[in-house]
Amino acid sequence: MGEATIKWGILAAGGIAGSFAGDLAHASNGEAYAIGSRNLEKAKAFAEKFGIPKAYGSYEELVADPEVDAVYVATPHPYHKENVMMALRAGKAVLCEKPFTVNAAELEELVAYAREHKLFLMEAMWTRFLPVIRRVREWLAAGRIGEVRMVKADFGFRAGWDPAGRLLNPELGGGALLDAGIYPVSFASMVLGPHPQIIQSTAHIGETGVDEHFSVLLTYENGAVASLNGAVRLAIGNDAYIHGTNGKIYIPGFLNATTATLYVEGEEPETVTDDRTFRGYAYEAEAVGQALNAGLTENSDISLDESLAILRLMDQIRGQWGLKYPFE
């Protein structure tokens with residue numbers, strides 16, 4: 001008996017939704033079944049582009065479709081909470097684009113509802129599910145580099161100057177921490193856990209009132225440290241390093257990792273590569289399908305408790321800068 005194919009409903013028809021829809025063709029246990037946009041013409045064009053059977057001109061109609069098994073929420077950050085809640089209230093499993101919500105208080109409500117109603121809920125931290133990152137976790141679990149003492153991870157790019165656009169507009173939850181910073185912060189959490197003892201950070205708040213670049217230093221109880229940087233107006237590179245007492249792991253372009261190299265003292269370097277022909281979102285979609293077919297309501301690779309801890313950490317970091325969004 002094969003796995004049941006998960007029929008996905010995609011909520012919003014923007015860029016990230018397109019990347020996810022295109023990748024579903026490569027998922028072994030899922031298919032793009034319906035698209036919902038607040039504009040029917042946009043939904044129809046999206047459906048045509050990706051060969052999706054159903055197109056809806058509202059999010060309400062999408063989540064109400066009884067054929068939809070799981071909803072992928074791909075709206076801007078400030079709308080995640082209400083969109084996820086709408087899908088959960090319709091009894092759907094939900095995969096929500098990162099960051100899960102703007103702050104921990106919003107996510108607490110969603111987690112409480114999902115757990116009370118035994119519904120599947122997961123943050124779309126797709127990096128965790130990439131084959132290269134899975135191999136990195138195996139190296140770490142096997143103690144290949146000894147005891148991990150330092151993590152360095154950066155993700156930054158130089159976006160054009162568009163004060164009204166998603167990245168720089170405080171009304172849309174703009175800024176480097178929420179958009180780019182979630183990757184390095186989540187990476188550090190994956191390696192060292194989401195509960196550092198000391199959080200030190202600094203940010204450049206630009207003229208629109210959001211953080212254009214930031215640096216965070218996390219110190220853990222065992223003395224390990226994580227040095228993390230993010231930017232939306234600075235191309236700082238996207239590499240990650242994990243340093244241990246017996247070697248290091250280097251992951252260029254870690255968020256969509258296609259290669260990683262293990263350096264162990266006294267051994268030849270070992271490199272793992274993934275020559276996939278698609279973006280890499282198919283893996284997280286498959287993980288959701290596997291969980292649903294197994295009757296699970298969470299995925300252990302990115303648990304709800306960890307997502308909550310990461311958002312609480314991001315709240316504290318933002319608190320150090322005095323950065324509040326207008327809608328908070």
Side-chain angles (χ1 to χ4, degrees), residues 10-23 37-39 42 46 49 72-80 83 96-103 123-127 130 152-188 201-216 227-240 251-258 278-281 284 310-311 313-315 317-318 320-328:
I10 297 172
L11 192 149
I16 189 80
S19 298
F20 184 81
D23 258 28
S37 170
R38 284 170 306 191
N39 174 321
K42 197 174 176 185
F46 189 99
K49 182 176 179 182
Y72 170 67
V73 173
T75 45
H77 321 327
Y79 309 119
H80 286 180
N83 297 156
C96 179
E97 196 41 57
K98 47 86 217 138
F100 220 142
T101 51
V102 169
N103 55 45
E123 181 177 12
M125 183 38 74
W126 62 298
T127 299
L130 301 174
K152 290 196 287 190
D154 299 336
F155 176 41
F157 49 89
R158 183 162 172 83
W161 181 251
D162 178 11
R166 185 175 71 80
L167 292 172
L168 296 175
N169 186 346
E171 297 285 352
L172 293 178
L177 181 66
L178 257 58
D179 198 81
I182 180 71
Y183 282 106
V185 171
S186 187
F187 185 83
S201 71
T202 185
H204 167 62
I205 307 295
E207 60 186 81
T208 65
V210 301
D211 55 311
E212 292 186 6
H213 57 81
F214 73 86
S215 298
V216 171
S227 169
L228 315 171
N229 299 281
V232 289
R233 293 277 292 153
L234 215 52
I236 59 172
N238 308 326
D239 297 349
I251 314 164
F254 77 96
L255 59 149
N256 60 346
T258 54
F278 51 96
R279 297 286 290 275
Y281 299 102
E284 65 177 359
I310 288 169
L311 264 174
L313 179 56
M314 297 201 356
D315 284 353
I317 292 167
R318 212 155 41 90
Q320 293 184 350
W321 314 333
L323 174 56
K324 269 180 99 75
Y325 293 108
F327 47 80
E328 284 189 292

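Treat the numbers as computed from the prediction; the structure is a model and nothing was measured.
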Self-check item: side chain to side chain contact (heavy atoms under 4.5 Å, CB included) between V185 and L228, intermediate numbers included
Solution: CA-CA 7 Å; V185 171; L228 315 171; 4.1 Å; yes
Quiz prompt | Residue pair T127, N256: steps toward the side chain to side chain contact (heavy atoms under 4.5 Å, CB included) verdict | solution = CA-CA 6 Å; T127 299; N256 60 346; over 6 Å; no
Exercise. Report the C-alpha distance between S186 and M125 in whole Å, list the side-chain angles of each, state the deciding distance to 0.1 Å, and finish with yes or no for side chain to side chain contact (heavy atoms under 4.5 Å, CB included).
Key: CA-CA 8 Å; S186 187; M125 183 38 74; 3.5 Å; yes
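Within the structure, salt bridge (charged side-chain N to carboxylate O under 4.0 Å, His left out) contacts touching residues 163-184 (residues at least two apart or in different chains) are R166-D179.
Taking OH of Y79 as the start and CZ of R38 as the end, the distance is 6.5 Å to the nearest 0.5 Å. Of the inter-residue distances, the one linking L255 atom CG with W126 atom CH2 reads 5.5 Å to the nearest 0.5 angstrom. Distance check, rounded to the nearest 0.5 Å: CG of D162 to CG of N169 gives 8.5 Å. Interatomic distance, CG of N229 versus CG of L234, reported as 9.5 Å (0.5 Å rounding). Atom OG1 of T258 and atom CD1 of I251 lie 11.0 Å apart (nearest 0.5 Å). The OG atom of S19 sits 3.5 Å away from atom CZ of R279, with the distance rounded to the nearest 0.5 Å.
With contacts defined as side-chain heavy-atom distances shorter than 4.5 Å, the pair L11/T75 qualifies. Side-chain contact between L178 and Y325 is present, with heavy atoms from C-beta onward closer than 4.5 Å. Side-chain contact between E284 and F20 is present, with heavy atoms from C-beta onward closer than 4.5 Å. For the pair F157/L167, a side-chain contact is recorded, criterion being any heavy-atom separation below 4.5 Å from C-beta on.
Pairing each heavy atom of F327 with each of G173, the nearest pair is CE2-N, 3.9 Å. Here the closest heavy-atom approach between residue A13 and residue S37 is recorded as CB-CB, 4.2 Å. A153 and P184 get closest at one heavy-atom pair: O-CB, 3.6 Å.
Judged by distance alone, the side chain of Q320 and the main-chain N or O of S201 form a donor-acceptor pair under 3.5 Å. Proximity of a side-chain donor or acceptor of T208 to a complementary backbone N or O of L168 within less than 3.5 Å is detected. Under a 3.5 Å cut-off, the side chain of D23 and the backbone N or O of G280 do form a donor-acceptor pair. Side-chain atoms of R233 never come within 3.5 Å of backbone atoms of E212 as a donor-acceptor pair (strictly under, hydrogens ignored).
Evaluation of the side-chain contact (heavy atoms from CB on, under 4.5 Å) rule for A74 yields A12, I16, A17, Y72 as partners, not counting sequence neighbours. Taking N103 as the reference, A105, E106, D315, R318, E328 meet the side-chain contact (heavy atoms from CB on, under 4.5 Å) condition, with sequence neighbours excluded.
Between F155 and the choices Y183, F254, F187, the ring-ring contact (aromatic ring centres under 6.0 Å, His included) rule is met once, by Y183. Tested against L177 for a side-chain contact (heavy atoms from CB on, under 4.5 Å), the candidates I182, V210, D211 yield a single pass: D211.
Using a 30° and 60° split on the angle between ring planes, H77 and H80 fall in the perpendicular class, above 60°.
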